[in-house]
Amino acid sequence: MKELSKEFFKQDTVKVAKKLLGKIIVIGDLKGRIVETEAYGKDPASHAFKRTERSAIMFDTYGHVYVYLIYGMYNCINFTTEKETVPGAVLIRAVEPLNEIELIKQRRKTNKKDNLCSGPGKLCQAFDIDKRYNNLVIGNEIKIYDDKFKLNHFKIGQSSRIGIKDALHLEWRFYIIDNEHVSKVKINQKNEKKSQIIDN
DNA sequence: TACTGGATTCACT
DNA sequence: GTGAATCCAGTAA
């Protein structure tokens, strides 16, 4: 498997989000396939909308790991994108775990395979990701590999797990729906259940 | 210094 | 479908 370099992330955020689908993320001994991503650019729902101490990494870097705590209990992992000076990041929303399943079941306190890493907070729990990974360069503790897209059947894209409320949310989300289809979903700002699949 | 609310998840109805 | 858990970044004063 070919390892992605930091330079891979120095391009359009939406393109990175789509290209990351099917890639393999390796953290320590754990491996997973990225099956859902979301592109965050300069829109008001994004930390990239305004530069703050926390979000500066999205403005100043590409190919870095951005981890933040949400709702006081869950971490979310992003990879920064675009050239320096252009803010952007891709949120990793879901992963298909590929090994250490028993360990992950323990960490997640569930036995259901589809419930192990099917959400940004869940996958951070499963892979033990927290703020100690924030600001690290991709390629060290966290590596991403190209994989010739050999998907097992893994349905994701849970349209019920939608709740951005009334935040203005214009960016794109990408799912692997099944073995063959990769879908680009346009988020409906008011009702995410009505979000539309744009292409395959 | 104090207050507000969130790129979520889970238990419960 | 609804509400609670939980903490800290961002903001206002």
Side-chain angles (χ1 to χ4, degrees), chain A residues 9 12-14 16-18 20-21 25 32 34-62 64-82 86-97 104-135 138 142 155-176 183-195:
Chain A
F9 296 88
D12 177 74
T13 305
V14 172
V16 174
K18 187 159 193 175
L20 278 176
L21 287 178
I25 181 169
I34 297 170
V35 294
E36 187 179 347
T37 58
E38 194 162 25
Y40 280 89
K42 206 155 178 57
D43 81 73
S46 168
H47 297 176
F49 189 63
K50 188 172 185 184
R51 186 194 173 94
T52 64
E53 194 177 341
R54 180 175 68 169
S55 69
I57 183 174
M58 297 173 78
F59 289 72
D60 297 342
T61 73
Y62 57 89
H64 281 58
V65 181
Y66 171 43
V67 179
Y68 63 87
L69 187 68
I70 186 69
Y71 296 107
M73 3 174 42
Y74 300 105
N75 289 291
C76 293
I77 183 171
N78 301 250
F79 300 139
T80 62
T81 56
E82 310 269 3
V86 178
V90 173
L91 171 67
I92 308 303
R93 294 190 59 87
V95 157
E96 176 190 1
I104 289 175
K105 283 180 177 173
Q106 282 175 28
R107 286 178 175 168
R108 290 277 304 118
K109 298 181 172 60
T110 179
N111 278 317
K112 295 178 189 166
K113 191 183 178 229
D114 284 359
N115 193 27
L116 296 178
C117 305
S118 54
K122 295 177 187 180
L123 79 90
C124 285
Q125 233 172 32
F127 281 70
D128 190 29
I129 296 165
D130 60 25
K131 287 188 79 174
R132 63 186 197 281
Y133 288 99
N134 190 45
N135 218 2
I138 294 166
I142 295 180
K155 191 173 179 184
I156 196 115
Q158 308 169 349
S159 58
S160 61
R161 172 169 45 65
I162 298 255
I164 299 202
K165 298 180 182 162
D166 53 357
L168 186 60
H169 195 80
L170 301 173
E171 286 297 340
W172 301 100
R173 185 171 295 171
F174 299 92
Y175 298 110
I176 290 174
S183 290
K184 177 179 181 181
V185 177
K186 183 167 189 178
I187 306 298
N188 182 307
Q189 295 171 28
K190 300 219 168 133
N191 184 351
E192 218 175 321
K193 288 181 181 177
K194 293 182 181 170
S195 297

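Atoms considered below: every heavy atom in the structure, side chains included; atoms not considered: hydrogens, waters and symmetry mates. Chain identifiers are assigned alphabetically (A, B, ...) following the order of the sequence lines, protein sequences preceding nucleic acid strands; residue numbering begins at 1 within each chain.
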K.L.:
What nucleic acid atoms does A:K131 come within less than 4.0 Å of, heavy atoms only: base, sugar-phosphate, or nothing?
P.N.:
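The answer is sugar-phosphate, as A:K131 gets under 4.0 Å only of primed atoms, P, OP1 or OP2.
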K.L.:
Distance check needed: B:dT8 P versus A:Q125 CD, whole Å only.
P.N.:
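Atom-to-atom, A:Q125 to B:dT8, this comes out as 14 Å.
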K.L.:
Run A:F9 and A:T80 through side-chain contact (heavy atoms from CB on, under 4.5 Å) and show every step you take.
P.N.:
CA-CA 7 Å; A:F9 296 88; A:T80 62; over 6 Å; no
K.L.:
Is any side-chain N or O of A:R108 closer than 4.0 Å to OP1 or OP2 of B:dT9?
P.N.:
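Indeed not, no polar side-chain atom of A:R108 lies that close.
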K.L.:
Quick one: is B:dC10 close enough that its OP1 or OP2 comes under 4.0 Å of any side-chain N or O from A:K122?
P.N.:
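True: A:K122 side-chain N/O within range (under 4.0 Å) of B:dC10 OP1/OP2.
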K.L.:
Calculate the interatomic distance between A:Y74 atom OH and B:dC10 atom C1'; express it in whole Å.
P.N.:
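Value for this atom pair: 6 Å.
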K.L.:
Tell me whether the centres of the aromatic rings in A:H64 and A:F79 are closer together than 6.0 Å.
P.N.:
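They do not qualify: ring centres at least 6.0 Å apart.
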K.L.:
Hey, what do you get for CG (A:L91) to CD (A:E36), rounding to the nearest 0.5 Å?
P.N.:
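It is 8.5 Å, given to the nearest 0.5 Å.
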K.L.:
Figure out the CD/C1' separation between A:E36 and B:dA7, and round it to whole Å.
P.N.:
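These atoms are roughly 12 Å apart.
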K.L.:
Report the distance from atom CG of A:N78 to atom P of B:dA7, rounded to the nearest whole Å.
P.N.:
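My rounded result for the distance is 11 Å.
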K.L.:
Less than 4.0 angstrom between a side-chain N/O of A:R54 and OP1 or OP2 of C:dC7, yes or no?
P.N.:
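Negative; the distance criterion is not met.
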K.L.:
Starting at NZ of A:K112 and ending at C1' of B:dA11, how long is that distance when rounded to a whole Å?
P.N.:
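Those two atoms, NZ and C1', are 12 Å apart.
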K.L.:
Rounded off to whole Å, could you give me the CG-to-P distance for the A:L69 and C:dG10 pair?
P.N.:
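Nearest whole value for this atom pair: 12 Å.
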K.L.:
Any chance you could lay out the salt bridge (Lys or Arg N to Asp or Glu O under 4.0 Å) test for A:D114 and A:K112, step after step, and finish with the verdict?
P.N.:
CA-CA 6 Å; A:D114 284 359; A:K112 295 178 189 166; over 6 Å; no
K.L.:
With nearest nucleotides of DNA chain C determined for A:G72 and A:E53 from heavy-atom distances, which residue corresponds to the more 5′ nucleotide?
P.N.:
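Looking at DNA chain C, the more 5' nearest nucleotide goes with A:G72.
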K.L.:
Which nucleotide sits closest to the side chain of A:I70: B:dT9, C:dG10, B:dA7?
P.N.:
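From the listed options, B:dA7 comes nearest.
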K.L.:
Grab the NZ-P distance between A:K50 and C:dA12 for me, whole Å please.
P.N.:
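Distance, rounded to whole Å: 7 Å.
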K.L.:
Kindly confirm whether the side-chain ring of A:Y68 is stacked on the base of B:dA7, judged by centres under 5.5 Å and planes under 30°.
P.N.:
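Aromatic stack with B:dA7 absent for A:Y68.
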K.L.:
Answer with base, sugar-phosphate or nothing: what part of the nucleic acid does A:R51 contact at a heavy-atom distance below 4.0 Å?
P.N.:
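Contact class for A:R51: none.
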K.L.:
Tell me the interatomic distance from A:Y71, atom OH, to B:dT4, atom P, rounded to whole angstroms.
P.N.:
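In whole Å, B:dT4 P and A:Y71 OH are 17 Å from each other.
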K.L.:
On a whole-Å scale, what distance lies between the P atoms belonging to C:dG1 and B:dA7?
P.N.:
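Looking at atom P only, C:dG1 and B:dA7 are 22 Å apart.
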K.L.:
Given side-chain contact (heavy atoms from CB on, under 4.5 Å), test A:V65 with A:N135 step by step and report yes or no.
P.N.:
CA-CA 5 Å; A:V65 181; A:N135 218 2; over 6 Å; no
